[in-house]
Protein chains: 2
Amino acid sequence: MNLAQNSEQSDTREFILEKAIHLFAGQGYSGVSMRNIAEMVGISPAALYHHFPSKQKLYLDTMQYAFADKSTGIKEAINTTGTLSERLEDFIRQFTKMVAADQNFQRLMQRELLDGDEARLKLLAEHVFLDTYQSITELINELATDWDAHMLISSIAGLVIHHYESNSMRQFLPGAKPEHNDPDVVASHVNRLFQQALQTSKREK
Amino acid sequence: MNLAQNSEQSDTREFILEKAIHLFAGQGYSGVSMRNIAEMVGISPAALYHHFPSKQKLYLDTMQYAFADKSTGIKEAINTTGTLSERLEDFIRQFTKMVAADQNFQRLMQRELLDGDEARLKLLAEHVFLDTYQSITELINELATDWDAHMLISSIAGLVIHHYESNSMRQFLPGAKPEHNDPDVVASHVNRLFQQALQTSKREK
DNA sequence: GTCTATAAGCAGATAGAC
DNA sequence: GTCTATCTGCTTATAGAC
């Protein structure tokens, strides 16, 4: 019995995946060639086919590898202590930090939303986001009973993700400041928007 | 003097651009070949080079063509009558309808944010969004003095755009309903979020 | 596990006939 | 203004040596 069986696929494979994440995030599937990846890894294109049977499979494995740890990362962003309001605020702050810290993740997500087929997007939804999504749904259903939880979660994601994904263009619009990319500033802004919107709902009941 | 000089570039050119918009929105620059475009147009690949000197130029002209009318469209979404609050609400509703109605525009924007170089994104910012951006900035600076206008506008765009761009994956998450894509439902949600958040700010002053 | 060599096809682009 | 034919180089992928 080989104790290392599970983790031993040679680490060249993982090294390839790391490089592939960066390339696919930057140029997309059709913008990256096997030659590009091979060059970045430091091996010949043919050697890639020893680790992956095709470019398609290499891409799919890259996505799986890139999103695997994110699933747990997002899950851990949900605290189980504090008031509902504090837990939502904390999640938004953690989620913002994640998006801000990993541009590759953000860009790969964008590209999957644009180019992913139904099966792939379903996998992404269920394997990466579902658990967290359900936790936040529960939280919101208790915190803001008169809101549609699905729409509110889409709003949280949209506020954070779009802010970072639009940065490349937003920087050319008036009023843009460097601190607008500071995850703490962004999270505070989003939190204020939500706290005040949800607070008003309560008052008016 | 040729009276038709300005508009006469033969309408084959425009027909090519229309087809190119759809293809580039769908597959992106590197995902679309001159052969693909030629086939969709119904001419030979070589004939494309009579209208455009290169694929690069065809792509750039396609972007210009696709975004040209959007600039005026977004500008016209700003009403000059009604209260400040009503004008913001109206803009959000109009903007949401625009995004929902034109998937190509939304996808081309996404792709430009991912792949556009600085010069192109600067042009996009200044030619398509600047005017509207400034009008909304004025509106917000009067309506919500204690908010950062730049952040709030990014938020409006993020809420609307991300909602539609994430739909391909969101549909696999619980609580998704077909009406969540109805621009009236989305606009109402976003408007409620903003009205309540901005209203609270006022009360607390 | 990586290499060189190579196959088979598609890419952007041009030449020149009509 | 569009065609056919073609050039050159890059694409994914394979064969077989080491």
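- Side chains of B:Gln195 and B:Ser85: a donor-acceptor N/O pair is present below 3.5 angstrom, by distance only.
- Side-chain atoms of A:Ser71 never come within 3.5 Å of backbone atoms of A:Ala68 as a donor-acceptor pair (strictly under, hydrogens ignored).
- Side-chain atoms of B:Ser188 and B:Arg93 form a donor-acceptor pair, as typed in the model, at a separation below 3.5 Å.
- For the residue pair A:Gln94/A:Glu76, the side-chain donor-acceptor check at 3.5 Å is not satisfied.
- Between the side chains of B:Glu18 and B:Tyr65, at least one donor N or O sits under 3.5 Å from an acceptor N or O.
- For B:Phe105 and B:Phe67, the ring centers sit closer than 6.0 Å to each other.
- Between B:Gln56 atom CD and C:dA11 atom P the separation is 17 Å, expressed in whole Å.
- The nearest whole Å value for the distance from the CD atom in B:Glu39 to the P atom in C:dC10 is 12 Å.
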Grab the N/O contacts between the protein and nucleotides 9-12 of chain D below 3.5 Å, and write none if there aren't any.
residue : atom : partner : partner atom : Å
D:dT12  : OP1  : A:Met34 : N            : 3.4
D:dT12  : OP1  : A:Lys55 : NZ           : 3.1
D:dT12  : OP2  : A:Met34 : N            : 3.0

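- When the P atom of C:dA11 is taken as reference, atom CG of B:Leu58 falls 15 Å away, rounded to whole Å.
- The A:Ala46 side chain lies nearest to C:dT4 when the options are C:dT2, C:dT4, D:dA5.
- In terms of phosphate contacts, B:Ser44 brings no side-chain nitrogen or oxygen within less than 4.0 Å of OP1 or OP2 of D:dT2.
- For B:His51, the listed nucleotide lying nearest its side chain is D:dT2; candidates were C:dT2, C:dT4, D:dT2.
- Atom-to-atom, CD1 of A:Ile43 to C1' of C:dT4 comes out at 14 Å; the value is rounded to the nearest Å.
- Note on the helix from C:dG1-D:dC18 to C:dC18-D:dG1: angle between the axes of the first and last five pairs equals 0°, rounded to 10 degrees.
- Side-chain contact, B:His189 with A:Ser155: a donor N or O sits under 3.5 Å from an acceptor N or O.
- Aromatic pair A:Tyr133/A:Phe129: centroids not less than 6.0 angstrom apart.
- Side-chain contact check for A:His180 and B:Asp148: at least one donor-acceptor pair (N or O, by modelled atom type) lies under 3.5 Å.
- For B:His50, no side-chain nitrogen or oxygen approaches OP1 or OP2 of D:dC3 to under 4.0 Å.
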